[in-house]
Amino acid sequence: MRIMRTVTRSAVTERALAVDMSTGNARVPGILTLLILGTAVLLPQVSMAGTPPAAIGACGPVPSAHGAVIPPQDVDMWDAPVDASGDHELILAVHRDGDRFCYRYRWDGVVHTVAPVIHVRRGERFAVRVVNDISSQSPGEGVPSTRIPACKPMTMPAAPLQHWVGYLNHTIDDRYFHMPAIDTNLHFHGFEGPASEENVFLSTLSTPMRACEYRLTIPRTQPPGTYIYHPHAHGASDEELADGLVGVWVVDPDTPRIPRADQHVLLLSYRVSQPDDRPYPANFRAELKGYAATAKAREAALRPASPVPYDPFNPPPWPEAWPMRGGGLTMDSSGCGGPFAESLMSVDGTDTPAALRIPAGRTQLLRIINATSDTSKLLRLRDAQGRELPLRVVERDGVPVSGDMQHPLAHYEAMTELMLSPMSRAAVLLRAPAGAAFVLSSEPYCNGGLRELQHDLLRITAVGNPRGAPERLRSTPVVAGDTPAAGLIAYVRAHPSRVHRRAITFTEYIFPKRGKIPAHQGFYITDTTRPDFREHPFWPAYRAGATVPSNPDIVVRRGTIEVWYLINTTLETHAFHIHQMAFVEERTYAGIPATVDTVFLPIGKLLPNPRDPNFPLIEPSITKVILDFRHVPRGTFVFHCHMLYHEDHGMMGVIRVI
């Protein structure tokens with residue numbers, strides 16, 4: 001739940017605003033106000049005090065009008081300049097321009113301010129330098145790569161430890177902190193190589209150059225497909241990504257079957273300043289403040305009690321942290337369709353509904369990316385008469401649905417709807433005769449306090465007459481039982497003794513002011529397999545000279561297989577993501593298994609609570625995923641909710657593969 005500029009984005013946003021309102025820190029529309037003002041911040045290792053802000057206009061013109069999508073610049077890494085270390089290198093300078101962030105870079109002598117589509121090939125080695133120009137010009141942008149020292153981890157503040165009563169009466173170890181968005185780094189989402197090559201614990205503020213150099217080698221086993229890159233600086237990633245720091249990287253197939261001109265990167269993101277899709281009542285802020293006060297009063301009244309006995313893989317219902325009624329606001333009795341609006345969207349920076357013209361008679365590859373920080377989208381495709389059409393999905397989260405890495409477009413899955421969590425991707429084949437028209441839309445679904453509406457995102461028109469040589473591409477429906485996802489599910493069911501089960505539970509709370517610590521929210525992702533669990537936020541500790549945390553939450557052995565039960569105990573959707581690997585979701589939103597790297601977690605089910613009817617019981621939703629560690633490189637990395645406001649405020653854990 002994250003405060004936005006105009007009471008927007010999702011229930012994540014709205015309840016964050018409720019907390020903010022309750023402390024008296026109301027926002028001024030058009031200006032980002034921090035969730036809760038406080039003195040605890042992440043402490044950079046290099047002082048930034050007194051540096052002037054980046055010049056206005058650093059991120060170029062603001063796209064806003066409805067119109068044709070403007071594709072981002074393609075950057076083929078094999079054509080990038082060679083750095084002093086002998087690698088092809090791209091330099092991305094991070095700038096802040098008012099309420100926007102952007103990557104500035106130079107390609108073919110031209111300065112660009114829209115994140116490029118980075119093309120790489122399997123087995124290729126390359127370098128990306130991320131330069132922190134957020135507060136002032138960095139000295140690390142114009143020096144040889146050999147002068148960039150190794151970056152160090154971001155340090156955590158000396159935040160006091162508080163204890164609260166949490167899930168099933170277990171203890172919450174709470175630490176409140178606030179970090180302004182002055183640090184940044186880089187995460188290659190979906191990269192299956194060693195975690196050390198794209199270490200997300202590093203800080204660009206840890207060296208005088210204010211820059212980090214990432215040298216990556218794409219594994220030969222990396223699936224050819226669509227991936228995404230974005231910052232992962234803890235406490236700042238939500239704001240930075242939502243406001244523009246996000247781009248696409250593509251692993252091109254060994255033998256491309258569709259020309260680059262017939263491939264379309266469609267980045268779904270928030271419009272600049274994230275306007276709402278509908279207005280709020282005049283008294284909404286006052287009602288929201290009272291609503292938050294009701295939730296905080298309940299948390300303050302809880303007293304320690306004996307933990308409740310439970311089955312970790314089938315836990316009992318537990319009370320929701322937010323009320324059904326408070327301050328004049330009333331939630332829907334179904335748990336769906338609350339009073340909160342959603343943010344309006346853009347496609348490649350063009351306000352929705354955007355327009356895309358495709359050549360008639362030629363198969364097009366639509367790379368659809370949910371590049372929002374906190375909003376899942378349910379997508380459907382319709383024709384000009386409004387009839388729903390199947391989406392021919394050839395790839396999910398970079399992985400061909402057939403598992404055929406040599407022929408990734410040879411088979412597709414026909415889907416009537418497609419749920420994309422933040423950072424989820426899908427590649428869709430589309431071929432149409434001249435004059436045909438289609439609409440890609442986002443559709444309502446049960447999203448807790450957010451009332452989803454139907455929105456047209458992209459209007460597609462096929463133009464011109466087919467010409468040239470006949471297409472060689474032939475794509476046929478995949479046989480569901482023949483996919484790698486189905487094969488791994490069958491193996492797990494046939495060999496249960498070889499598989500370790502783990503319960504991973506998502507919880508969230510609102511804590512009242514206590515002493516000098518202001519009211520704030522806590523978000524937790526906890527291994528609840530053992531009965532002695534404690535909920536705690538992401539809080540890494542480092543030994544001297546180390547670049548990864550010494551306190552992992554989970555340790556697994558390479559070569560093992562685990563089934564994780566992802567347990568959502570809240571009335572808010574979540575999105576599970578783990579770095580360095582894809583995994584198998586046993587049953588997707590569409591009811592079929594799939595190999596993905598980010599998965600949508602639906603809300604729990606509302607049940608009556610006789611002891612406190614205003615805080616209903618939640619029967620948690622359970623999503624089962626299979627994690628195959630047989631081919632994952634050893635190392636230390638993270639798993640988290642990819643609703644980035646949740647992640648930034650604690651909902652992230654550390655895993656070590658040994």
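Nothing fancy with the numbering, it's 1 onward along the sequence. All values derive from a computational prediction rather than experimental measurement.
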Gap between atom [atom2] of [Y] and atom [atom1] of [X] - 0.5 Å precision:
X	Y	atom1	atom2	answer
S421	L378	OG	CG	10.5 Å
F177	H649	CZ	NE2	6.5 Å
F101	L245	CZ	CG	6.5 Å
N568	T505	CG	OG1	9.5 Å
L356	L457	CG	CG	12.5 Å
M419	S424	CE	OG	9.5 Å

Quick check, are the ring centers of [X] and [Y] under 6.0 angstrom apart?
X	Y	answer
W564	F583	no
Y524	Y167	no
H232	H640	yes
F523	H646	yes

Taking all non-hydrogen atoms of both residues, which atom of [X] and which atom of [Y] are closest, and how far apart?
X	Y	result
P223	P400	CB-CD, 3.9 Å
A68	T350	O-OG1, 3.4 Å
V632	D628	CG2-O, 3.6 Å
L288	F340	CD1-CE2, 3.6 Å
P537	R175	CG-N, 4.1 Å
Y509	I172	CE1-CD1, 3.4 Å

Who are the salt bridge (Lys or Arg N to Asp or Glu O under 4.0 Å) partners of E395, not counting sequence neighbours?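 Salt bridge (Lys or Arg N to Asp or Glu O under 4.0 Å) check on E395 returns R367.
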Counterpart residues, salt bridge (Lys or Arg N to Asp or Glu O under 4.0 Å), relative to D553 (two or more places apart):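 By the salt bridge (Lys or Arg N to Asp or Glu O under 4.0 Å) rule, D553 matches no residue at all.
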Distance-only polar pair, side chains of [X] and [Y], donor-acceptor under 3.5 Å:
X	Y	value
H264	D348	no
R656	T636	yes
E198	H187	yes
N185	S203	no
N447	E572	no
S346	D351	no
T623	E585	no
Y445	E417	no

Residues V401, E413; criterion side chain to side chain contact (heavy atoms under 4.5 Å, CB included); working and verdict: CA-CA 7 Å; V401 297; E413 232 166 19; 4.0 Å; yes
Taking [X] for its side chain and [Y] for its backbone only, find out whether a donor-acceptor pair lies under 3.5 Å.
X	Y	result
Y103	G244	no
S373	L644	no
T184	N132	no
W249	I228	yes
Q222	E192	yes

Contact check, side chains of [X] and [Y], non-hydrogen atoms, under 4.5 Å:
X	Y	value
S237	D648	yes
F629	M581	yes
L453	R278	yes
R380	T416	no
T352	H455	no
E320	T569	no
K377	M345	yes
V625	L627	yes

Determine, step by step, whether H119 and V75 satisfy the side chain to side chain contact (heavy atoms under 4.5 Å, CB included) criterion, reporting the C-alpha distance in whole Å, the side-chain angles of both residues, the deciding distance to 0.1 Å, and the verdict. CA-CA 6 Å; H119 289 265; V75 166; over 6 Å; no
List the steps and the verdict of side chain to side chain contact (heavy atoms under 4.5 Å, CB included) for T507 and E535. CA-CA 9 Å; T507 54; E535 296 168 86; 2.5 Å; yes
Cationic N near anionic O, under 4.0 Å, R382 to D456: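 Yes, this pair counts.
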Any carboxylate oxygen within less than 4.0 angstrom of a Lys/Arg side-chain nitrogen, looking at E240 and R100?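 Answer for the salt bridge query: no.
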For L90 and Y105: C-alpha separation, side-chain torsions, deciding distance, then whether side chain to side chain contact (heavy atoms under 4.5 Å, CB included) applies. CA-CA 8 Å; L90 177 67; Y105 68 100; 4.0 Å; yes
Is it the case that more than 12 heavy atoms not belonging to I70 sit under 6.0 Å from its CD1 atom?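 Not buried by this count: 12 neighbours or fewer within 6.0 Å.
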Got a list of side-chain donor-acceptor pairs under 3.5 Å for residues 594-604, not counting sequence neighbours?
unit_1: D597; atom_1: OD1; unit_2: H189; atom_2: NE2; d: 3.0
unit_1: D597; atom_1: OD1; unit_2: R425; atom_2: NH1; d: 3.1
unit_1: D597; atom_1: OD2; unit_2: R425; atom_2: NH1; d: 3.3
unit_1: D597; atom_1: OD2; unit_2: R425; atom_2: NH2; d: 2.9
unit_1: T598; atom_1: OG1; unit_2: H189; atom_2: NE2; d: 3.2
unit_1: T598; atom_1: OG1; unit_2: H577; atom_2: ND1; d: 3.4

T372 and its side chain to side chain contact (heavy atoms under 4.5 Å, CB included) partner, picked from D374, N370, I369: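 Result for side chain to side chain contact (heavy atoms under 4.5 Å, CB included) with T372: N370.
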Could you walk me through whether F576 and H642 pass the ring pair (Phe, Tyr, Trp, His ring centres under 6.0 Å) check? CA-CA 6 Å; F576 171 77; H642 224 301; over 10 Å; no
